[in-house]
Number of protein chains: 2
Amino acid sequence: MVGLAQERLLEKSIRPSVQRLSVYQYLLDNPTHPTVDTVFTALSPTIPTLSKTTVYNTLKLLVENNLVQTITIEDDELRYDANMEDHIHFKCEKCGSINDFFSPLAHNTTELIKNQLSSEFSPRKIHIFVWGLCKKCNKDSQSVHNSL
Amino acid sequence: MVGLAQERLLEKSIRPSVQRLSVYQYLLDNPTHPTVDTVFTALSPTIPTLSKTTVYNTLKLLVENNLVQTITIEDDELRYDANMEDHIHFKCEKCGSINDFFSPLAHNTTELIKNQLSSEFSPRKIHIFVWGLCKKCNKDSQSVHNSL
DNA sequence: GTGCTTGCAAATCGTTTGCAATAGC
DNA sequence: GCTATTGCAAACGATTTGCAAGCAC
């Protein structure tokens, strides 16, 4: 049996080297919007010769082939996401976590914007980013309030 | 008469130095989502002693005081926007221009997302980015098609 | 005079580039 | 063997930091 990662690479005529498979598989397994450094650090033990350049090259290749997308929710570094479905990204400004929302809202909103804009423009990709407090941090800050 | 820029700085207890007023006024006058470098280059002739560090410091200060927001529609550099209303940013992937949409769509979508998420989270800021072809580039590419 | 602001220079850090070594067909 | 891929080292560029000089109240 051939893995999903390998299958997708072959579909795009990308030679499934160990490095490429590992990077792509890592993104598929970890929908945590990792940075280049996170991916590199995570895979280094398994592939001791891995270089950061290869991680950069591989991610660039995957993005160009629409297997992975870049997430620009941070001011200072790029994140990567192998999930290509319409979804909203929520970043907690307290704990820094980035979570996904796959509700119909995300899909419907994306479609709505696409349709409204498509009379004049050709929208290709839509990203919706939300910043605020996540469930946990929200609760924590309420507890603090209550305990005062 | 005191200008709008100065008024807003004073409201936030920010000392309205020449540099700060110039940077903020530039953003108010040029809703083109400039980069740090663009702002610096534009103001340098008027303020010959201006340093890029001051532009960085000033923009950071304005962002912290909610007078300006950062736009992360580019993979590799930050842009700044003094317009704090709900609006959608559209980036043309051909000519690179970034345009605003203030349609009810932008406002309503933002409100919708805020409301839907607010049962569990505390959303503070929402950005909607759209990539594709702008009106002009869209027309150009169609002309090319027709002439084939 | 004291504290805030500015601006130069150096440092930092994410990312890209050049190029030689390596691996796969 | 030839081409694609990898990975090291150097370069690059945006941003931050340290700190001394200048400015405002």
Side-chain angles (χ1 to χ4, degrees), chain A residues 2 5-6 9-10 12-27 33-65 67-81 96 98, chain B residues 2 5-6 9-10 12-27 33-65 67-80 96:
Chain A
V2 175
Q6 182 164 349
L9 292 184
L10 289 172
K12 303 280 184 174
S13 309
I14 298 172
R15 191 191 293 176
S17 66
V18 172
Q19 291 86 340
R20 287 171 176 171
L21 278 173
S22 304
V23 169
Y24 189 30
Q25 192 62 55
Y26 180 84
L27 285 180
H33 321 91
T35 62
V36 166
D37 203 64
T38 307
V39 175
F40 173 73
T41 304
L43 299 180
S44 266
T46 324
I47 314 171
T49 61
L50 183 67
S51 88
K52 207 173 275 188
T53 304
T54 300
V55 179
Y56 274 106
N57 289 340
T58 302
L59 288 171
K60 190 178 182 183
L61 188 69
L62 295 173
V63 169
E64 284 167 358
N65 283 276
L67 293 174
V68 165
Q69 58 183 331
T70 54
I71 304 297
T72 57
I73 201 169
E74 310 274 3
D75 276 4
D76 57 352
E77 59 184 357
L78 265 186
R79 294 178 170 275
Y80 293 85
D81 190 350
I98 297 176
Chain B
V2 174
Q6 182 163 350
L9 292 183
L10 289 173
K12 302 282 184 174
S13 308
I14 299 171
R15 191 191 291 175
S17 67
V18 171
Q19 290 87 341
R20 288 171 176 171
L21 278 173
S22 303
V23 168
Y24 189 29
Q25 191 63 54
Y26 181 83
L27 286 179
H33 322 90
T35 63
V36 166
D37 202 64
T38 308
V39 175
F40 173 72
T41 305
L43 298 180
S44 267
T46 324
I47 313 172
T49 62
L50 184 67
S51 89
K52 208 173 274 189
T53 304
T54 300
V55 178
Y56 274 106
N57 288 340
T58 302
L59 288 170
K60 191 178 182 182
L61 188 69
L62 295 173
V63 169
E64 284 167 0
N65 283 277
L67 294 174
V68 164
Q69 57 183 332
T70 54
I71 304 296
T72 57
I73 202 169
E74 310 274 4
D75 276 4
D76 58 351
E77 61 185 353
L78 265 187
R79 293 178 171 274
Y80 294 85

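Throughout, protein chains are lettered first and strands after them, A, B, ... in sequence-line order, and every chain is numbered starting at 1. Keep in mind that this is a model prediction, so the values were computed, not measured.
- If you take CD of B:Glu77 and P of D:dC12, they are 18 Å apart, rounded to a whole angstrom.
- Protein atom CG of A:Leu61 is 11 Å distant from nucleotide atom C1' of D:dA4, rounded to whole Å.
- In this structure, the CG atom of A:Asn57 is 8 Å from the C1' atom of D:dT6, given to the nearest Å.
- Within the 4.0 Å cut-off from OP1 or OP2 of C:dC25, not a single side-chain nitrogen or oxygen of A:Arg15 is found.
- Rounded to whole Å, the distance from CZ on B:Phe40 to P on C:dG7 is 9 Å.
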Next on the checklist: Using side-chain contact (heavy atoms from CB on, under 4.5 Å), reason through A:Tyr80 and A:Val36 one step at a time and then give a plain yes or no.
Outcome noted: CA-CA 8 Å; A:Tyr80 293 85; A:Val36 166; 3.7 Å; yes
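- When heavy atoms are screened at a 4.0 angstrom cut-off, B:Thr35 is found touching no nucleic acid atom at all.
- Put simply, B:Thr53 has no side-chain N or O that comes within less than 4.0 Å of OP1 or OP2 on C:dT6.
- Remark: P of D:dA14 and CZ of B:Arg79 are 12 Å apart, rounded to the nearest angstrom.
- In terms of position along DNA chain C, the nucleotide closest to B:Leu50 lies nearer the 5' end than the nucleotide closest to the other residue of the pair A:Lys52 and B:Leu50.
- When the P atom of D:dC8 is taken as reference, atom CD1 of A:Ile47 falls 13 Å away, rounded to whole Å.
- Closest heavy-atom contact between B:Thr35 and B:Thr38: OG1-OG1, 2.9 Å.
- Panel note: side chain A:Ser22, backbone A:Val18; a donor-acceptor pair is recorded below 3.5 Å.
- Remark: the backbone N or O of A:Asp37 is paired with a side-chain donor or acceptor of A:Thr41 at under 3.5 angstrom.
- Remark: A:Ser17 is not in phosphate contact with C:dA23, judged by side-chain N or O atoms under 4.0 Å from OP1 or OP2.
- Of all non-hydrogen atoms in A:Pro16 and A:Leu21, the two that sit nearest each other are O-CD1, 3.6 Å.
- Atom P of nucleotide C:dC25 and atom CD1 of A:Ile14 are separated by 15 Å, given to the nearest angstrom.
- Side-chain N/O atoms of A:Tyr56 include none lying less than 4.0 angstrom from OP1 or OP2 on C:dT16.
- Phosphate proximity of C:dT6 to B:Ser51: absent, as no side-chain N or O sits under 4.0 Å from OP1 or OP2.
- The side chain of A:Val36 sits closest to C:dT15 out of C:dT15, D:dT6, C:dG7.
- For A:Gln19 and D:dG7, the shortest distance from a side-chain N or O to OP1 or OP2 is below 4.0 Å.
- Among C:dT6, D:dG7, D:dT6, the nucleotide with an atom closest to any side-chain atom of B:Thr54 is C:dT6.
- Here D:dT5 presents its C1' atom at 14 Å from CG of A:Leu62, a figure rounded to the nearest Å.
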